[in-house]
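Only one structure is covered here, and it is reproduced in the block below.
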Amino acid sequence: MATSYNYKKIESKWQKIWKKEKLFEAKDSVKGKKNFYHLVMFPYPSGDLHIGHWYNFAPADMYARFKRMQGLNVLSPIGFDAFGLPAENAAIKRKIHPEKWTMGNIKTMAKQLESIGNSYDWSRLIVTCQPEYYKWNQWLFLKLFEKGLAYRKKAAANWCPSCKTVLANEQVIDGYCERCQTAVVQKEIDQWLLKITDYAERLLEDLEVLDWPERTKIMQRNWIGRSEGAEIEFPVLSSNLKVKVFTTRADTLPGATYIVLAPEHPLVTVLEERILNKNSVREYIEQARHKTERDRISENKSKTGVEVKGITVLNPFTEKEIPIWISDYVIMGYGTGAIMAVPAHDKRDFAFAQEFKLPIIQSVSKDGTLKETISEPYLEDGVMVNAGDLDKLPNHIAKDRVVETVGGKKKINYKLRDWLISRQRYWGTPIPIVYCDGCGIVPVPETDLPVVLPRVKDFTPDDSGRSPLAKSKKFLTATCPKCGGTAQRETDTMDTFVDSSWYFIRYADPNNDAVFADDKKIKSWLPVQMYIGGAEHTVLHLLYSRFFTKFLNDRGYVDFKEPFSALRHQGIILGPDGQKMSKSRGNVVDPDSLVSEFGSDSVRMYLAFMSEYHQGGSWHPTGIMGVHRFLQRVWAIFSSVSFNESQIVPDAMRRSLHKTIKKVGDDIAVFKFNTAIAALMILLNELEKNKEAINKTIAEDFIKILAPFAPHITEELWRQFGNQESVHLAAWPEYDVQAITEAEIELVVQINGVVRDKVVIGRSLDQSAAEAIVLNLEKIKAALSGKKPKKVIFVPGRLINLVV
RNA sequence: GCCCGGGUGGCGAAAUUGGUAUACGCAGCAGACUUAAGAUCUGCCGUCCUCAACAGACAUGCCGGUUCGAGUCCGGCCCCGGGCACCA
């Protein structure tokens, strides 16, 4: 008599044994096996593993287990992205040190993670807030600094005037401070930036070769924002100065009726003496600077600006004198900070021209005719008008001609900005720089790394706008590595995205103290062959990681150009009410209680079964019953099975088995875990109908293809069958093509495209043979009532359609 | 505003990429077992017409088109989710 399915006992038993036997610890090389690096984005130690983590980790593990059974030497590591603001804020709130809070959370989460039963290699655990790890952040920074790719610059930061502190972008919600709801302003502070823009073109180009979701690539492309255009100079009248503008529509230059400068544009200061309305210009610039993020968002529709009276420029194409305006719809950070305004062919210029009653002149029209009144800008292609010699020429051809005529230069611009990594916060990697009165900015020598983050008591931000580290005299004071004099340490810490931009390399060799990872180990594992994580990291994390990899490749530290060859996203799990899970809504699904009620195998499987992986969905409380019952039935049938090897397995059963082996393998390969599980359910339904015919091969194959989804129950049954080695090291069964091909097929019979009957015929019958059979069917004869089909469409093995 | 996804039974979802729409599961209903409940097993389960069966008609957000045949392709709309947002 069968015992009942005791998942609690089975799961804890095998989790202990796997750990003890180090079953999933990856050796750097195994004879006869190819290495496969499988990675999930490491979690932030927020303190609690919620069902969303499970959704990220459990199905991802199914893929890793499948790859392992396919004969690959799989590395599936795990770690914690342990620095960052939430830890700091939580620590401030609870009055405990961020380190204590973080390490405590990691302990809890590691335990919870183990309860999923994932095949992680725990021996390679990475915790980014430990000096052994962040030492290499600092090393990387020095390497970037050496090449001029890390540089210091005054840059605008989000400043909360009430909290008197700098805020990270994540702390600014719709232009307001997250904590006190004060409108955030921009403040200029000296900060460190990484020159990711040097890599813009390569980051764009190399997207082509990646096996990533198309929408993710599109988002990265948009973020990089390449645009081809030209730089054209507008001479300032009665001066030898010129205003350079960037445009993608040089063909519209004949219609440029004024130019617009960004408020920060240097020309205003240079020619200040000549400005007639100095006061109003100064006032506008001042206003623009104090404008909050909030104002900019709300003012999106109506344009503001001021004319710079007393200075004009020449339109180099028409040689007409045109005015200069200043408006904050032009931004200093893109292009040249100045534009030529063509109201007839640009929406924003059009709105601006209407607001200030400026002339609107066409330079392109659909068919060469001029419109009398222009009620909206014409943005399409067309032919040139008002353009002298170029009239009637298609505008896309005229583009280059205009640039030539005025002596402009072709130019490519990117929206991508350099990466600002300075954080005026405590809980992060110290930037390894000292400031010496004599020597200036001096990098900390490599041999002095790590610059250890001191365990200070007071880590709350204050009104100085500097990191709390500045309050530690001991940390702040340093000797200059160059001259030996007294110097001051940089007190800002690094953005945590630095930590996560290279951690995947560290897993190859996590305990190395001499180099960031051994060259041979890097070669044996990287790049990551399958990377799994949330789509919310589409731009920042994934782009930064690609940038670091390219830099390391340039410097010869790694031999690959892209960190993640293949990428898949999981969806988001919503609460039972269809809303985002949150404590305040009270709709958070707790995985721990589900595990104790149904077992880890059931929770894993339900997550994989509920929808397609990238789609996510609401948690349906009773839905888990389906997979739980399935596992109970698996237990019932296989824990009591007595194999009768003399019994001949019916062809139909063999066929079902092999079809399922194929289906499950094919589906896992494309991350369709839901349909793979459905196929397993169908197979079980069939096996149950004829239990006596199940032999050892069928039972073992079934257990093997179920193993990635439900690792514990399958391991238990597998060993009960008498196997000595883990099912997770067993070979994925091969399907037999012969067994799958059926001799007979069901042919669908349609009349005018509507199904009227079905008939079982030989697989290889041709059209005329099939037609003869079909025309003799009672239902078809009745439906045709004597009429002859005008046309017959025959799809071999599938259907026949009679058109009357 | 622009760029991506998506809209299929009471619910979560399938559909070999133009070829049997609704697989698999949840919930529900009926029956078996049970003193009973639960668990388990068996059957039914898109809508409409019909006493019922057979059969039929209508159904994949809406309107139109292409095709022997459309959830799938094309054109035009309407909702929902995500990203970007004055980038010249």
Side-chain angles (χ1 to χ4, degrees), chain A residues 4 213-223 225-227 229 245-249 252 256 259-260 262 296-297 299-301 303 327-331 333-342 345-349 351-352 413-417 535-536 538-539 571-572 574 578 605-606 609-612 614-630 632-633 636 663 666 672 674-685 688 746-758 779 782-783 789-795 797-804:
Chain A
S4 64
E214 201 48 45
R215 64 198 160 108
T216 303
K217 291 196 201 180
I218 291 170
M219 267 198 238
Q220 286 219 351
R221 270 185 214 120
N222 292 345
W223 189 264
R226 182 185 200 269
S227 72
V245 307
F246 174 74
T247 178
T248 55
R249 290 293 306 272
T252 64
I259 66 166
V260 188
R296 289 184 60 108
I297 294 167
E299 272 175 17
N300 216 332
K301 276 166 200 140
K303 299 264 183 290
S327 173
D328 64 1
Y329 86 89
V330 175
I331 37 189
Y334 182 79
T336 61
I339 62 154
M340 61 181 214
V342 188
H345 304 294
D346 182 280
K347 275 191 221 163
R348 295 144 303 180
D349 297 344
F352 192 80
N413 266 327
Y414 301 90
K415 284 186 204 170
L416 185 69
R417 305 294 160 82
E536 68 274 20
T538 291
V539 275
I572 295 169
L574 303 169
M605 258 186 113
Y606 177 56
F609 181 65
M610 58 185 272
S611 74
E612 209 183 315
H614 70 255
Q615 188 169 314
S618 317
W619 178 266
H620 201 276
T622 54
I624 194 170
M625 283 312 297
V627 286
H628 190 61
R629 280 185 202 129
F630 168 78
Q632 279 177 325
R633 283 160 55 208
K663 172 87 178 146
D666 289 353
K672 291 177 92 169
N674 54 338
T675 47
I677 292 168
L680 284 161
M681 287 172 167
I682 293 169
L683 180 59
L684 183 71
N685 290 345
E688 277 180 337
E746 189 187 60
L747 189 76
V748 171
V749 188
Q750 296 183 335
I751 293 175
N752 290 339
V754 182
V755 181
R756 293 296 166 180
D757 205 354
K758 290 161 198 181
K779 280 186 193 168
K790 277 186 283 189
K791 194 175 163 191
V792 178
I793 284 116
F794 181 68
V795 184
R798 209 172 293 274
L799 65 75
I800 188 160
N801 186 13
L802 310 174
V803 187
V804 291

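Here the structure is a predicted model, which means the values were calculated and not measured. Chain A is the first sequence line, chain B the second, and so forth, proteins listed ahead of strands; every chain is numbered from 1.
- Between A678(A) and F246(A), it is A678(A) whose nearest contact on RNA chain B lies nearer the 5' terminus.
- Contact between the side-chain N/O atoms of S227(A) and the OP1/OP2 oxygens of A88(B) is found at a separation under 4.0 Å.
- Comparing A88(B), G83(B), C26(B) by their closest approach to the side chain of T622(A) singles out C26(B).
- Rounded to whole Å, atom C1' of G83(B) lies 13 Å from atom CD of Q220(A).
- For K779(A), taking side-chain heavy atoms from C-beta onward, the closest of the listed nucleotides A55(B), A13(B), C68(B) is A55(B).
- Side-chain atoms of L747(A) and F794(A), non-hydrogen and from C-beta on, do get closer than 4.5 Å to each other.
- Nucleotide A23(B) forms a pair with no other nucleotide shown, judged by Watson-Crick or G-U wobble geometry with both contacts under 3.5 Å.
- Regarding I793(A), its CD1 atom lies at a distance of 15 Å from the P atom of U20(B), rounded to whole Å.
- In this structure, the side chains of T252(A) and M340(A) come closer than 4.5 Å at one or more pairs of heavy atoms.
- Nearest to the side-chain atoms of I218(A) among the listed nucleotides A14(B), C68(B), C4(B) stands C4(B).
- Remark: R249(A) is not in phosphate contact with A88(B), judged by side-chain N or O atoms under 4.0 Å from OP1 or OP2.
- Along RNA chain B, the nucleotide nearest W223(A) and the nucleotide nearest N752(A) are compared for position; the residue whose nucleotide lies closer to the 5' end is N752(A).
- Within the shown strands, nothing qualifies as a pairing partner of A36(B) under the Watson-Crick or G-U definition with both distances less than 3.5 Å.
- With a 3.5 Å ceiling on both atom-pair distances, A52(B) lacks any Watson-Crick or G-U wobble partner.
- Using N1 to N3 plus N6-O4 or O6-N4 for Watson-Crick, or N1-O2 and O6-N3 for G-U wobble, each under 3.5 Å, C77(B) pairs with G61(B).
- For C68(B) and U20(B), the C1' atoms lie 16 Å apart once the distance is rounded to whole Å.
- For G1(B), the paired base is C84(B) (Watson-Crick or G-U wobble, both distances below 3.5 Å).
- To the nearest angstrom, P of G6(B) lies 10 Å from CD of E612(A).
- Side-chain atoms of K303(A) come within donor-acceptor range of the base of C86(B), with a qualifying N/O pair under 3.5 Å.
- Between M605(A) atom CE and C24(B) atom P there is a gap of 15 Å when expressed in whole angstrom units.
- A straight line from CE of M625(A) to P of C11(B) spans 22 Å, rounded to a whole angstrom.
- Checking G12(B), A88(B), C24(B) against the side-chain heavy atoms of T247(A) singles out A88(B) as nearest.
- R629(A) has a side-chain polar atom (N or O) that falls below the 4.0 Å cut-off from OP1 or OP2 of A27(B).
- Residues I800(A) and V748(A) are not in side-chain contact: their nearest non-hydrogen atoms beyond the backbone lie 4.5 Å or more apart.
- Here the side chain of S611(A) is nearest to one of A13(B), A15(B), C24(B), namely A13(B).
- Side-chain atoms of Q750(A) and base atoms of U20(B) include no donor and acceptor less than 3.5 Å apart.
- Using a 4.5 Å heavy-atom cutoff, the side chains of I677(A) and Y606(A) are not in contact.
- Backbone-only engagement by V803(A) is indicated by non-hydrogen atom pairs under 4.0 Å involving sugar-phosphate atoms exclusively.
- Considering only heavy atoms from C-beta on, T538(A) stays 4.5 Å or farther from W223(A) through its side chain.
- Rounded to the nearest Å, the gap between the C1' atom of G5(B) and that of C26(B) is 26 Å.
- Atom P of G43(B) sits at a distance of 29 Å from the matching atom of C49(B), rounded to the whole Å.
- Looking at heavy-atom distances under 4.0 Å, F630(A) makes no contact with the nucleic acid at all.
- U60(B) and A21(B): their P atoms are spaced 12 Å apart (whole Å).
- Taking side-chain N and O atoms only, Y329(A) has no distance below 4.0 Å to OP1 or OP2 of A88(B).
- A heavy-atom distance below 4.5 Å is not found between the side chains of R249(A) and D346(A).
- For U17(B), the O4'-C1' to base torsion is within 90° of 0; the nucleotide is therefore syn.
- Syn is the classification of G9(B), since its glycosidic angle stays within 90° of 0.
- Contact annotation for N801(A): base contact, defined as any heavy-atom pair under 4.0 Å involving a base atom.
- Remark: R756(A) is in phosphate contact with G56(B), judged by side-chain N or O atoms under 4.0 Å from OP1 or OP2.
- Using a 4.0 Å cut-off, some side-chain N or O of N685(A) falls inside it from OP1 or OP2 of G25(B).
- Taking atom P in both U72(B) and G9(B), the straight-line distance is 15 Å, to the nearest Å.
- Nearest nucleotide to the Q632(A) side chain, out of U40(B), C3(B), A15(B): U40(B).
- Nearest to the side-chain atoms of H620(A) among the listed nucleotides A21(B), C68(B), C26(B) stands C26(B).
- Candidate nucleotides A23(B), A88(B), G19(B) were compared by shortest atom distance to the side chain of I682(A), and A23(B) ranks first.
- One finds a side-chain N or O of K672(A) lying less than 4.0 angstrom from the OP1 or OP2 phosphate oxygen of A15(B).
- Residue contacts for V330(A): at a heavy-atom cut-off of 4.0 Å it reaches a base atom on one of the strands shown.
- Residue contacts for R226(A): at a heavy-atom cut-off of 4.0 Å it reaches no nucleic acid atom on any strand shown.
- We find that CD of E214(A) is positioned 16 Å from P of C3(B), with the value rounded to whole Å.
- One finds no side-chain N or O of K758(A) lying less than 4.0 angstrom from the OP1 or OP2 phosphate oxygen of U20(B).
- At a threshold of 4.0 angstrom between heavy atoms, the contacts of R798(A) include nucleobase atoms, whether or not backbone atoms are also involved.
- The C1' atoms of A32(B) and A23(B) are separated by 27 Å, rounded to the nearest whole Å.
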Begin with the C-alpha distance, continue with both residues' side-chain angles, and end with the deciding distance and a verdict on side-chain contact (heavy atoms from CB on, under 4.5 Å) for E746(A) and K758(A).
CA-CA 6 Å; E746(A) 189 187 60; K758(A) 290 161 198 181; 4.0 Å; yes
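- The CG atom of L680(A) sits 6.0 Å away from the CE atom of M605(A) when rounded to the nearest 0.5 Å.
- Rounded to whole angstrom, the span from the CD1 atom of I751(A) across to the P atom of G69(B) amounts to 14 Å.
- The base-pairing partner of G28(B), taking Watson-Crick or G-U wobble contacts with both distances under 3.5 Å, is C44(B).
- Checking A14(B), A88(B), C68(B) against the side-chain heavy atoms of Q615(A) singles out A14(B) as nearest.
- The pairing partner recorded for U17(B) is none, the criterion being a Watson-Crick or G-U wobble arrangement whose two distances lie under 3.5 angstrom.
- Looking only at side-chain heavy atoms (C-beta outward), V804(A) and P789(A) come within less than 4.5 Å of each other.
- The gap from the P atom of G81(B) to that of U66(B) amounts to 35 Å, rounded to the nearest Å.
- The distance between atom CG of D349(A) and atom P of C86(B), rounded to the nearest whole Å, is 14 Å.
- Annotation for I793(A): atom CD1 counts as buried by contact number, over 12 foreign heavy atoms lying within 6.0 Å.
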